[in-house]
Protein chains: 2
Amino acid sequence: MSRLTSYRDIKKMVLDRIQSGAWPPGALIPRETELAAEFGCARATINRALRELAQAGVLERRRKAGTRVSMTPVRKATLDIPLIRREVEESGATHRHRLLTCEMSVPPAHIAARMGLPLERTALHVQTLHMADSAPYCLEDRWINPKAAPEALSADFAALSANEWLVQNIPISAGEIAFLAENASDADAEILNAAPGAALFVVERLTRIAQEAVTHVRIAYRPGYRMTTGI
Amino acid sequence: MSRLTSYRDIKKMVLDRIQSGAWPPGALIPRETELAAEFGCARATINRALRELAQAGVLERRRKAGTRVSMTPVRKATLDIPLIRREVEESGATHRHRLLTCEMSVPPAHIAARMGLPLERTALHVQTLHMADSAPYCLEDRWINPKAAPEALSADFAALSANEWLVQNIPISAGEIAFLAENASDADAEILNAAPGAALFVVERLTRIAQEAVTHVRIAYRPGYRMTTGI
DNA sequence: CAAGATAATATGTGCAGACATAATAACCAT
DNA sequence: ATGGTTATTATGTCTGCACATATTATCTTG
């Protein structure tokens, strides 16, 4: 006994029909009630399976119009953005970090603009080098809005990295994230032990609480870093 | 009348409690039955709301242990990987492409290895430059396994880009995707009209049907490209 | 024939109830 | 205490049903 037909089975069978070419890109697939009859399960079960496949970008659904196989198969990729500590430790190395900078100063204009800070307003600037064993792993360059996170001013970032401190002290919030490539500046290169001008993979993240920017962070990875995921 | 309590409302309210700090990172939140009683809805509704929040990485759930607020808030980002044509057109420009190469040849060893091809085995090599209006946008460098997609050999990639041809002719399938940064080679630089050595944002994608590699594609974007998403 | 009203329909969502499953907590015997 | 067995419990999932909603199709009507 046990599982009759679970929504997982439905997902597998639908995916199989798509991958076998029985339901090619763009094809209209049977309605939920028909699939429910065919597989001998409730419509709700079919609904959940198709809904999840649609969320993954494999199907496209519209009321009344029906469900069709997506024309653009690989539309969505879900990346895990790991805590740096965990990412390093999962590679088998020991994570260490070194505090390079921790002071109030005036951020560059483009960062102030993105954070919505008035020009000339100072913010807390924290630079941390993360290392895997003794090799540089990535450089974290963070600006913290003192108005939005006043407790940060008295935190000891030498003991706990700024990344982890924020996770533990600032509630979950909204924001944007960007992935890009940048040539290493001379300073970046020296810190990361890379050639000047080397291509660095960079993640920039802006975090907000209720419209107000809390922190802007730029993480530049060592040359050769790849961020990967399945499809 | 209208909506009493939808799972969307529940999601909003739960998110609100998390963002307001009422439920800090790591906190155990009430059980589904309690929330259902509090919000006056069915447990299934609570379940769907919490399940989706967990899928987004905001909550972590374990049977019997209960549901708690994730310690690492921004754990997952879902990127849309657009068709290049659509991406260009959404920026308001006209998409054009130019076929640079289309011939059978022996792929570099690292690509042959990743595709699981025997050394010295030839594959179809298609290079396409995508343009936004008349400016270079990205360079698509694709290898197609002739065994897995024999119809590709006779396709006319000058008319339809290889990207779009594959989408329309190959069923949806599994694979891996990687994001990285690379310095532009002299050839890249000339084609993309960039400085040699410029940092390029690169997406590499390997697509498989039933274990067998169908195509490997490397897309190198013009300097300055950012791939962005909300959190 | 075109514009607007109306019916038909596929998916979207909610509910109540039942059982499955994993993991913890409690208990018991050695 | 210690190890193993047995409740207990929170989430996971399925069912059957009802109604909501967005679109398309059809049927009016000027």
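Proteins get letters first, then strands, A, B, ... in listed order; numbering begins at 1 in each.
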OP1 or OP2 of [N] less than 4.0 angstrom from a side-chain nitrogen or oxygen of [X], does that happen here?
| X | N | value |
| --- | --- | --- |
| A:Arg63 | D:dT23 | no |
| B:Arg61 | D:dG12 | yes |
| A:Thr67 | C:dT11 | yes |

Any donor-acceptor N/O pair, A:Asp133 side chain to A:Ala135 backbone, under 3.5 Å:
no

Derivation and outcome, salt bridge (charged side-chain N to carboxylate O under 4.0 Å, His left out), residues A:Arg208 and A:Glu212
CA-CA 5 Å; A:Arg208 269 189 258 273; A:Glu212 191 170 45; over 6 Å; no

Could you go through the side-chain contact (heavy atoms from CB on, under 4.5 Å) check for B:Thr207 and B:Leu166 one step at a time?
CA-CA 11 Å; B:Thr207 305; B:Leu166 283 159; over 6 Å; no

Considering every strand and a 4.0 Å limit on heavy-atom distances, what is the contact class for [X]: base, sugar-phosphate, or nothing?
| X | result |
| --- | --- |
| B:Thr33 | nothing |
| A:Arg62 | sugar-phosphate |
| A:Arg48 | sugar-phosphate |

Would you kindly compare A:Asn47 and B:Ala65 by the position of their nearest DNA chain C nucleotide and give the one closer to the 5′ end?
A:Asn47

If you check the [X] side chain, which of [options] turns out closest?
| X | options | result |
| --- | --- | --- |
| A:Ser6 | C:dT11, D:dC14, D:dT15 | D:dC14 |
| B:Tyr7 | C:dG14, D:dT15, D:dA10 | C:dG14 |
| A:Lys64 | C:dC15, D:dT24, C:dT11 | D:dT24 |

CE (A:Met227) and CG (B:Leu180) are apart, to the nearest 0.5 Å, by 11.5 Å

Provide, to the nearest angstrom, the distance between the CD atom belonging to A:Glu52 and the C1' atom belonging to D:dC14.
14 Å

Here the distance between atom P of C:dT11 and atom CD of A:Glu60, to the nearest Å, is 14 Å

If you measure from the Lys or Arg side-chain nitrogens to the Asp or Glu carboxylate oxygens, is any gap between B:Arg68 and B:Glu60 under 4.0 Å?
no

With nearest nucleotide decided by heavy atoms, which residue, A:Thr45 or B:Glu32, maps closer to the 5′ end of DNA chain D?
B:Glu32

Return yes if the base of D:dT13 and the side-chain atoms of B:Arg43 contain a donor-acceptor N/O pair under 3.5 Å, otherwise no.
yes

